[in-house]
Number of protein chains: 2
Amino acid sequence: MKIPLVAIPRLSQYARVLLESRHSDYISSDEISEIAGCTAAQVRKDLAYFGQFGTPSRGYKVEELKRSLSKILGTDREWNVALVGVGNLGSALLSYKGFAPNGFKIKCAFDNDLRKIGKNLEGVIVRDTSEMKRTLKAEGIRMAIVTVGAGSAQSVVNMLIKSGVTAILNFAPVKLNVARAITVLNIDLSIELERLAYFLSRTKKSKKS
Amino acid sequence: MKIPLVAIPRLSQYARVLLESRHSDYISSDEISEIAGCTAAQVRKDLAYFGQFGTPSRGYKVEELKRSLSKILGTDREWNVALVGVGNLGSALLSYKGFAPNGFKIKCAFDNDLRKIGKNLEGVIVRDTSEMKRTLKAEGIRMAIVTVGAGSAQSVVNMLIKSGVTAILNFAPVKLNVARAITVLNIDLSIELERLAYFLSRTKKSKKS
DNA sequence: AACTGTGAAATTATTCACAGCT
DNA sequence: AGCTGTGAATAATTTCACAGTT
């Protein structure tokens, strides 16, 4: 079956809903959809792409569905992540408290600024970019976050891929060219603000600020 | 005509492509699509939602299209933005250099941590959250970035809305409940990493890290 | 000749609606 | 009786393909 790509982040949302549902044994697609902000049919359909997890007339067993979703999403394990670019954003992500509870650990960080190399940030030593390949191969890391400038992003990504990385979260405002087998997700902060600007511009009384 | 929401960030991409196209007067949908990473038909269709900007046999006049896109997206002006939550991520966004060139300026910042209030970060004084309404009304600010924890996001958003904000970029990992007239865009870092984990888990040799 | 603008076709995603299980 | 799982229907989005314009 063909699984819509947009279903995956929704599964994450559902998983999050379950975390708050300790009060009862079972939860219905209706209840999940209510909190996740979509339709019940969507919840059932998304889950159905991956199997049959529910019990007719009861709903989904919370703990069981939690485990199933973890397995589907690959969050039933720890993921070590590399970070490249220890600027403001990179440093902030190094100290971001939201990753650990979800099983993500930034295990190493790289930069080519001599003033940053060697520093210990949140228990992670910043290394020279030239050490990337050796380090990532040694650690077997396949997931990376890119927070370098637009100008160096493509070359950094090329290095990451040579180092064995196949999944990249990119904050640099450029379209990265990668082979089909590599997954790149982009978070482009200015584009998000421009989307907001678009909506604001379309509201009636668009006066100032 | 009904404009697909996903067309808007694509327009931002096109606008960005144009910035690098100083070398020639005209650019074709083919060239734009090449760099933006989509099809030429998509480019033409997206633009056609908003008018006729091209010249048959020539393409689009770069400078003119740039202006048209700015007007569509609302980036033909400056936008003042409020930031709530001056933690690691919030501070990083305060110093993020990518906003200014696109016309976005974080004009004020709020937190309820006494150790942060009064601080001057990147020329912005951190204020107590209780001053939000007065400040935002006075400045006429309608766009905000939320980088508080999951627990306080909804109440912060309620305050923002009462203060006149109608467009919100939310980094807190919660589904926010807002009236229809309010635009909320979510950036959920853990969900993005989970998407990556999903793709990684699906590749053959999923051994370690 | 070259490229846009755009209906029509194809594809993808969502919602409906109900049979079937508990 | 209540809720899932799922084909079928609908809606949304993308791609095709070509008439029309310069």
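Note on naming: letters A, B, ... go to the chains in the order of the sequence lines (proteins, then strands), and numbering restarts at 1 for each one. Being a predicted model, the structure only gives us computed values, none of them experimental.
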Distance, rounded to the nearest Å, where I8(A) contributes CD1 and dT14(C) contributes C1' | 16 Å
Taking atom C1' of dC3(C) as reference, at what distance in whole Å does atom NZ of K45(B) sit?
-> 16 Å
Working for side chain to side chain contact (heavy atoms under 4.5 Å, CB included), residues F104(A) and L189(B) | CA-CA 11 Å; F104(A) 298 103; L189(B) 299 172; over 6 Å; no
Between dC3(D) (P) and L65(A) (CG): distance, integer Å = 16 Å
Any side-chain N or O of Y60(A) under 4.0 Å from OP1/OP2 of dG5(D)?
-> yes
Under a 4.0 Å heavy-atom cutoff, the residues of residues 14-40 of chain A touching DNA chain D are S28(A), S29(A)
From the options dC16(C), dC3(C), dG7(C), select the nucleotide whose nearest atom is closest to the side chain of S57(B).
-> dC3(C)
Testing T147(B), V184(B), V178(B), V156(B) for side chain to side chain contact (heavy atoms under 4.5 Å, CB included) with N170(B), which one passes?
-> V184(B)
Does R10(B) put a side-chain nitrogen or oxygen below 4.0 Å from OP1 or OP2 of dT14(D)?
-> yes
Above 12 or not: heavy atoms from other molecules or residues under 6.0 Å from CD of E34(A)?
-> no
Would you tell me if any nitrogen or oxygen in the side chain of Q52(B) comes within less than 4.0 Å of OP1 or OP2 on dT21(D)?
-> no
May I ask you to say whether R67(A) pairs ionically with E64(A), meaning some side-chain N is under 4.0 Å from a carboxylate O?
-> no
With nearest nucleotides of DNA chain C determined for L5(A) and T55(A) from heavy-atom distances, which residue corresponds to the more 5′ nucleotide?
-> L5(A)
Under 4.0 Å between a side-chain N or O of Q42(A) and OP1 or OP2 of dT15(C)?
-> yes
Of all the nucleotides listed (dG2(D), dT6(C), dT4(C)), which has the minimum atom distance to the side chain of P56(B)?
-> dT4(C)
If you look at every strand shown and take non-hydrogen atoms under 4.0 Å, does R44(A) touch a base, only sugar-phosphate, or nothing?
-> base
Which atoms form the tightest heavy-atom contact between A109(A) and V86(A), and what is the distance?
-> CB-CG2, 4.0 Å
Any idea which heavy atoms bring V84(A) and V148(A) closest together, and the distance?
-> O-CG1, 3.5 Å
What is the distance from CD1 of I3(A) to P of dA13(C), rounded to the nearest Å?
-> 11 Å
K2(A) NZ to dT14(D) P, in whole Å, measures 13 Å
For atom NZ of K61(B) and atom C1' of dT4(C), their distance in whole Å | 16 Å
Where at least one partner belongs to residues 4-22 of chain B, residue pairs that pass salt bridge (charged side-chain N to carboxylate O under 4.0 Å, His left out), sequence neighbours excluded = D188(A)-R16(B), R10(B)-D46(B)
